[in-house]
Number of protein chains: 2
Amino acid sequence: MGTKQVSGLSAAEQADLSRADSLAREIFSDVANKWAFLIIETLGDGVLRFSELRQQVGGISHKMLTQNLRMLERNGLVERTVYPTVPPKVEYRLTEPGQGLRATVDTMCAWTHKYITDIESARQAFDS
Amino acid sequence: MGTKQVSGLSAAEQADLSRADSLAREIFSDVANKWAFLIIETLGDGVLRFSELRQQVGGISHKMLTQNLRMLERNGLVERTVYPTVPPKVEYRLTEPGQGLRATVDTMCAWTHKYITDIESARQAFDS
DNA sequence: CAGCATCCCCCAAGATACTG
DNA sequence: CAGTATCTTGGGGGATGCTG
(Lines give C-alpha, C1' and ligand atoms only; values in the text may rest on other atoms or scores of the structure.)
Protein backbone atom coordinates (compact mmCIF):
# COMPACT_ATOMS: atom_id res chain seq x y z
CA MET A 1 0.00 0.00 0.00
CA GLY A 2 2.82 2.39 0.75
CA THR A 3 4.43 4.34 -2.06
CA LYS A 4 7.26 1.91 -2.41
CA GLN A 5 9.29 1.67 -5.57
CA VAL A 6 9.33 -1.69 -7.32
CA SER A 7 12.21 -2.21 -9.67
CA GLY A 8 12.28 -4.31 -12.82
CA LEU A 9 9.23 -2.66 -14.29
CA SER A 10 8.82 -0.44 -17.31
CA ALA A 11 7.96 3.21 -16.87
CA ALA A 12 4.40 2.49 -18.00
CA GLU A 13 4.08 -0.31 -15.48
CA GLN A 14 5.45 1.95 -12.80
CA ALA A 15 2.89 4.56 -13.78
CA ASP A 16 0.11 1.97 -13.62
CA LEU A 17 1.30 0.93 -10.22
CA SER A 18 1.33 4.41 -8.83
CA ARG A 19 -2.05 5.12 -10.37
CA ALA A 20 -3.46 1.97 -8.79
CA ASP A 21 -1.74 2.99 -5.60
CA SER A 22 -3.30 6.41 -5.52
CA LEU A 23 -6.66 4.89 -6.33
CA ALA A 24 -6.20 2.41 -3.51
CA ARG A 25 -5.46 5.35 -1.27
CA GLU A 26 -8.59 7.11 -2.35
CA ILE A 27 -10.60 4.03 -1.59
CA PHE A 28 -8.98 3.85 1.82
CA SER A 29 -9.86 7.45 2.50
CA ASP A 30 -13.44 6.84 1.49
CA VAL A 31 -14.06 3.57 3.19
CA ALA A 32 -11.85 3.56 6.26
CA ASN A 33 -14.13 5.73 8.32
CA LYS A 34 -16.26 4.80 11.24
CA TRP A 35 -19.64 5.55 9.71
CA ALA A 36 -18.96 3.49 6.61
CA PHE A 37 -17.90 0.60 8.81
CA LEU A 38 -20.93 0.87 11.05
CA ILE A 39 -23.26 1.08 8.06
CA ILE A 40 -21.71 -1.97 6.46
CA GLU A 41 -21.87 -3.89 9.69
CA THR A 42 -25.49 -2.88 10.22
CA LEU A 43 -26.58 -3.81 6.73
CA GLY A 44 -25.00 -7.24 7.05
CA ASP A 45 -26.67 -9.59 4.64
CA GLY A 46 -30.03 -7.93 5.08
CA VAL A 47 -32.04 -5.26 3.32
CA LEU A 48 -32.91 -2.03 5.09
CA ARG A 49 -34.78 1.12 4.33
CA PHE A 50 -33.16 4.48 4.90
CA SER A 51 -34.96 5.17 8.17
CA GLU A 52 -34.45 1.66 9.51
CA LEU A 53 -30.79 1.91 8.74
CA ARG A 54 -30.55 5.27 10.40
CA GLN A 55 -32.21 3.94 13.52
CA GLN A 56 -30.15 0.78 13.71
CA VAL A 57 -26.83 2.46 13.11
CA GLY A 58 -27.70 4.87 15.88
CA GLY A 59 -26.30 8.32 16.47
CA ILE A 60 -25.87 9.18 12.81
CA SER A 61 -27.47 12.28 11.36
CA HIS A 62 -29.71 12.22 8.33
CA LYS A 63 -27.13 14.06 6.31
CA MET A 64 -24.18 11.89 7.27
CA LEU A 65 -26.11 8.75 6.46
CA THR A 66 -27.05 10.11 3.04
CA GLN A 67 -23.50 11.15 2.29
CA ASN A 68 -22.00 7.84 3.32
CA LEU A 69 -24.61 5.85 1.44
CA ARG A 70 -23.89 7.86 -1.71
CA MET A 71 -20.20 7.27 -1.27
CA LEU A 72 -20.69 3.54 -0.75
CA GLU A 73 -23.01 3.39 -3.72
CA ARG A 74 -20.52 5.25 -5.87
CA ASN A 75 -17.86 2.70 -5.00
CA GLY A 76 -20.26 -0.11 -5.78
CA LEU A 77 -20.45 -1.43 -2.22
CA VAL A 78 -24.14 -0.88 -1.65
CA GLU A 79 -27.03 -1.25 -4.02
CA ARG A 80 -29.88 1.20 -3.83
CA THR A 81 -33.37 0.19 -4.89
CA VAL A 82 -36.05 2.84 -5.28
CA TYR A 83 -39.70 1.84 -5.29
CA PRO A 84 -41.65 4.54 -7.12
CA THR A 85 -44.49 4.44 -4.64
CA VAL A 86 -45.91 7.26 -2.65
CA PRO A 87 -44.56 7.75 -0.14
CA PRO A 88 -41.25 6.64 -1.61
CA LYS A 89 -39.48 3.57 -0.36
CA VAL A 90 -35.77 3.03 -0.78
CA GLU A 91 -33.92 -0.11 0.15
CA TYR A 92 -30.22 -0.63 0.66
CA ARG A 93 -28.24 -3.83 0.57
CA LEU A 94 -24.60 -4.78 0.25
CA THR A 95 -23.26 -5.85 -3.12
CA GLU A 96 -20.76 -8.65 -3.46
CA PRO A 97 -17.75 -6.32 -3.05
CA GLY A 98 -19.62 -4.85 -0.11
CA GLN A 99 -19.97 -8.28 1.44
CA GLY A 100 -16.27 -8.76 0.92
CA LEU A 101 -15.54 -5.65 2.89
CA ARG A 102 -18.06 -6.70 5.48
CA ALA A 103 -15.88 -9.72 6.18
CA THR A 104 -13.07 -7.32 7.02
CA VAL A 105 -15.29 -5.27 9.26
CA ASP A 106 -16.38 -8.46 10.97
CA THR A 107 -12.79 -9.34 11.75
CA MET A 108 -12.37 -5.90 13.21
CA CYS A 109 -15.39 -6.45 15.42
CA ALA A 110 -13.94 -9.76 16.54
CA TRP A 111 -10.66 -8.01 17.20
CA THR A 112 -12.44 -5.42 19.33
CA HIS A 113 -14.08 -8.09 21.42
CA LYS A 114 -10.86 -9.97 21.86
CA TYR A 115 -8.85 -7.00 23.06
CA ILE A 116 -11.47 -4.78 24.63
CA THR A 117 -10.25 -5.36 28.17
CA ASP A 118 -6.62 -4.83 27.18
CA ILE A 119 -7.59 -1.62 25.48
CA GLU A 120 -9.60 -0.44 28.43
CA SER A 121 -6.73 -0.98 30.84
CA ALA A 122 -4.25 0.55 28.40
CA ARG A 123 -6.42 3.63 28.33
CA GLN A 124 -6.64 3.84 32.09
CA ALA A 125 -2.90 3.47 32.39
CA PHE A 126 -2.33 6.14 29.76
CA ASP A 127 -4.81 8.58 31.23
CA SER A 128 -2.94 8.76 34.52
CA MET B 1 -22.05 -4.24 17.57
CA GLY B 2 -25.44 -2.60 17.18
CA THR B 3 -27.40 -1.55 20.23
CA LYS B 4 -29.53 -4.61 20.20
CA GLN B 5 -31.41 -5.77 23.24
CA VAL B 6 -30.60 -9.22 24.54
CA SER B 7 -33.21 -10.78 26.77
CA GLY B 8 -32.65 -13.21 29.60
CA LEU B 9 -30.08 -11.05 31.30
CA SER B 10 -30.13 -9.19 34.58
CA ALA B 11 -30.23 -5.44 34.64
CA ALA B 12 -26.58 -5.38 35.68
CA GLU B 13 -25.62 -7.66 32.83
CA GLN B 14 -27.56 -5.46 30.44
CA ALA B 15 -25.72 -2.47 31.81
CA ASP B 16 -22.39 -4.23 31.34
CA LEU B 17 -23.31 -5.06 27.80
CA SER B 18 -24.24 -1.55 26.89
CA ARG B 19 -21.13 -0.22 28.56
CA ALA B 20 -18.99 -2.64 26.59
CA ASP B 21 -20.96 -1.67 23.53
CA SER B 22 -20.35 2.02 23.94
CA LEU B 23 -16.69 1.33 24.61
CA ALA B 24 -16.53 -0.75 21.45
CA ARG B 25 -18.04 2.17 19.64
CA GLU B 26 -15.46 4.54 21.01
CA ILE B 27 -12.72 2.21 19.87
CA PHE B 28 -14.31 2.09 16.44
CA SER B 29 -14.42 5.86 16.28
CA ASP B 30 -10.78 6.07 17.26
CA VAL B 31 -9.35 3.34 15.14
CA ALA B 32 -11.54 3.19 12.05
CA ASN B 33 -9.96 6.15 10.35
CA LYS B 34 -7.71 6.23 7.38
CA TRP B 35 -4.61 7.61 9.06
CA ALA B 36 -4.68 5.03 11.81
CA PHE B 37 -4.97 2.30 9.21
CA LEU B 38 -2.16 3.67 7.10
CA ILE B 39 0.08 4.06 10.13
CA ILE B 40 -0.58 0.51 11.26
CA GLU B 41 0.03 -0.83 7.79
CA THR B 42 3.24 1.16 7.48
CA LEU B 43 4.58 0.05 10.84
CA GLY B 44 3.94 -3.58 10.01
CA ASP B 45 6.23 -5.72 12.11
CA GLY B 46 9.02 -3.20 11.96
CA VAL B 47 10.30 -0.39 14.11
CA LEU B 48 10.28 3.15 12.82
CA ARG B 49 11.28 6.54 14.05
CA PHE B 50 8.84 9.41 13.92
CA SER B 51 10.34 11.01 10.84
CA GLU B 52 10.72 7.71 9.00
CA LEU B 53 7.13 6.88 9.73
CA ARG B 54 6.01 10.26 8.52
CA GLN B 55 7.89 9.87 5.30
CA GLN B 56 6.73 6.33 4.62
CA VAL B 57 3.08 6.99 5.38
CA GLY B 58 3.23 9.91 3.01
CA GLY B 59 0.98 12.93 2.87
CA ILE B 60 0.41 13.13 6.60
CA SER B 61 1.17 16.30 8.49
CA HIS B 62 3.42 16.40 11.52
CA LYS B 63 0.49 17.20 13.71
CA MET B 64 -1.82 14.49 12.41
CA LEU B 65 0.86 11.89 12.84
CA THR B 66 1.49 12.95 16.42
CA GLN B 67 -2.20 12.92 17.25
CA ASN B 68 -2.80 9.52 15.74
CA LEU B 69 0.26 8.03 17.36
CA ARG B 70 -0.90 9.33 20.75
CA MET B 71 -4.32 7.86 20.15
CA LEU B 72 -2.88 4.51 19.14
CA GLU B 73 -0.55 4.55 22.10
CA ARG B 74 -3.41 5.37 24.45
CA ASN B 75 -5.33 2.36 23.17
CA GLY B 76 -2.26 0.19 23.60
CA LEU B 77 -1.79 -0.52 19.90
CA VAL B 78 1.60 1.03 19.48
CA GLU B 79 4.54 1.13 21.84
CA ARG B 80 6.65 4.23 22.08
CA THR B 81 10.29 4.03 23.04
CA VAL B 82 12.20 7.19 23.85
CA TYR B 83 15.98 7.22 23.80
CA PRO B 84 17.16 10.05 26.03
CA THR B 85 19.90 11.05 23.65
CA VAL B 86 20.52 14.37 22.08
CA PRO B 87 19.05 14.81 19.59
CA PRO B 88 16.15 12.67 20.84
CA LYS B 89 15.24 9.45 19.13
CA VAL B 90 11.81 7.91 19.41
CA GLU B 91 10.82 4.57 18.01
CA TYR B 92 7.38 3.18 17.36
CA ARG B 93 6.31 -0.41 16.96
CA LEU B 94 3.03 -2.28 17.06
CA THR B 95 2.09 -4.13 20.23
CA GLU B 96 0.41 -7.51 20.12
CA PRO B 97 -3.10 -6.02 19.97
CA GLY B 98 -1.76 -3.71 17.31
CA GLN B 99 -0.54 -6.68 15.31
CA GLY B 100 -3.98 -8.18 15.67
CA LEU B 101 -5.51 -5.12 14.13
CA ARG B 102 -2.86 -5.10 11.49
CA ALA B 103 -4.18 -8.46 10.32
CA THR B 104 -7.53 -6.79 9.77
CA VAL B 105 -5.97 -3.92 7.88
CA ASP B 106 -4.12 -6.44 5.76
CA THR B 107 -7.36 -8.13 4.80
CA MET B 108 -8.69 -4.75 3.83
CA CYS B 109 -5.69 -4.15 1.61
CA ALA B 110 -6.26 -7.55 0.02
CA TRP B 111 -9.89 -6.64 -0.45
CA THR B 112 -8.89 -3.40 -2.15
CA HIS B 113 -6.65 -5.22 -4.58
CA LYS B 114 -9.28 -7.81 -5.32
CA TYR B 115 -12.00 -5.32 -6.12
CA ILE B 116 -10.09 -2.30 -7.31
CA THR B 117 -11.20 -2.68 -10.92
CA ASP B 118 -14.82 -3.27 -9.95
CA ILE B 119 -14.69 -0.19 -7.79
CA GLU B 120 -13.11 1.86 -10.51
CA SER B 121 -15.80 0.94 -13.02
CA ALA B 122 -18.55 1.40 -10.44
CA ARG B 123 -17.24 4.92 -9.92
CA GLN B 124 -17.17 5.71 -13.59
CA ALA B 125 -20.69 4.41 -14.01
CA PHE B 126 -21.87 6.44 -11.04
CA ASP B 127 -20.13 9.63 -12.10
CA SER B 128 -22.03 9.79 -15.35
C1' DC C 1 -40.38 8.78 3.33
C1' DA C 2 -36.22 10.00 1.16
C1' DG C 3 -33.36 13.49 -0.74
C1' DC C 4 -31.53 17.92 -1.75
C1' DA C 5 -30.46 22.67 -0.75
C1' DT C 6 -29.38 26.30 2.30
C1' DC C 7 -27.52 28.35 6.21
C1' DC C 8 -24.35 28.40 9.82
C1' DC C 9 -21.17 27.21 13.28
C1' DC C 10 -17.44 25.06 15.23
C1' DC C 11 -13.65 22.16 15.23
C1' DA C 12 -10.30 19.52 12.60
C1' DA C 13 -6.16 20.19 10.70
C1' DG C 14 -2.44 23.02 8.41
C1' DA C 15 1.27 26.41 9.14
C1' DT C 16 4.49 28.40 12.04
C1' DA C 17 7.44 28.96 15.79
C1' DC C 18 9.55 27.71 20.17
C1' DT C 19 11.61 24.14 23.73
C1' DG C 20 14.17 20.01 25.49
C1' DC D 1 14.76 15.09 16.17
C1' DA D 2 10.46 14.96 18.50
C1' DG D 3 6.95 17.34 20.81
C1' DT D 4 3.99 21.14 22.28
C1' DA D 5 1.65 25.56 21.82
C1' DT D 6 -0.65 29.19 19.32
C1' DC D 7 -3.09 31.04 15.53
C1' DT D 8 -5.96 30.73 11.59
C1' DT D 9 -8.97 28.88 8.15
C1' DG D 10 -11.78 25.51 5.34
C1' DG D 11 -14.96 22.46 5.34
C1' DG D 12 -17.25 18.85 8.04
C1' DG D 13 -21.40 18.24 9.81
C1' DG D 14 -25.84 19.74 12.32
C1' DA D 15 -30.45 21.98 11.86
C1' DT D 16 -34.11 23.36 9.14
C1' DG D 17 -37.20 23.72 5.30
C1' DC D 18 -38.86 22.41 0.65
C1' DT D 19 -39.92 18.89 -3.16
C1' DG D 20 -41.41 14.61 -5.41
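Per chain, numbering begins at 1; letters A, B, ... match sequence-line order. Nothing here was measured: the structure is a model prediction, and the numbers come from that model. The basis for the numbers below is simple: all heavy atoms, side chains too, and nothing from hydrogens, waters or symmetry mates.
- Remark on the helix from C/dC1-D/dG20 to C/dG20-D/dC1: inter-end axis angle 50°, axes from five-pair C1' superpositions, rounded to 10°.
- Annotation: the span from B/Gln124 atom CD to B/Ser121 atom OG amounts to 7.0 Å, rounded to 0.5 Å.
- Not one side-chain nitrogen or oxygen of A/Arg49 sits closer than 4.0 Å to the OP1 or OP2 atom of C/dC1.
- The residue B/Arg80 sits close only to the backbone: its heavy atoms come under 4.0 Å of sugar-phosphate atoms, none of a base.
- Residue B/Gln55 qualifies as open at atom CD: its count of foreign heavy atoms under 6.0 Å is 12 or below.
- The listed nucleotides are C/dA2, C/dC1, D/dA2; the one nearest the side chain of A/Pro87 is C/dC1.
- Listed candidates were D/dG3, D/dC1, C/dG3. Nearest to the side chain of A/Phe50 is C/dG3.
- Using a 30° and 60° split on the angle between ring planes, A/Phe37 and B/Phe37 fall in the perpendicular class, above 60°.
- Salt bridge present: B/Glu73 and B/Arg70 bring a charged side-chain N and a carboxylate O closer than 4.0 Å.
- The side chain of A/Ser51 contributes an N or O atom lying less than 4.0 Å from OP1 or OP2 of C/dA2.
- For the atom pair A/Leu101 CG and B/Thr107 OG1, the distance stands at 8.5 Å (nearest 0.5 Å).
- Within a heavy-atom distance below 4.0 Å of DNA chain D, no residue of residues 69-78 of chain A is found.
- B/Trp111 places no side-chain N or O within 3.5 Å of a backbone atom of A/Arg102 that could act as its donor or acceptor partner.
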Just the table, please: protein N/O against nucleotides 14-18 of chain D N/O, every pair under 3.5 Å.
from: D/dG14; atom 1: OP2; to: A/Ser61; atom 2: OG; distance (Å): 2.4
from: D/dG14; atom 1: N7; to: A/Lys63; atom 2: NZ; distance (Å): 3.4
from: D/dG14; atom 1: O6; to: A/Lys63; atom 2: NZ; distance (Å): 2.5

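- A/Val82 and B/Phe126 are not part of a single hydrophobic cluster, where members link through side-chain heavy atoms under 4.5 Å apart.
- Using a 4.0 Å cut-off, no side-chain N or O of B/Tyr83 falls inside it from OP1 or OP2 of C/dG20.
- Of the candidates B/Thr42, B/Leu48, B/Asn68, B/Val57 forms a side chain to side chain contact (heavy atoms under 4.5 Å, CB included) with just one, namely B/Thr42.
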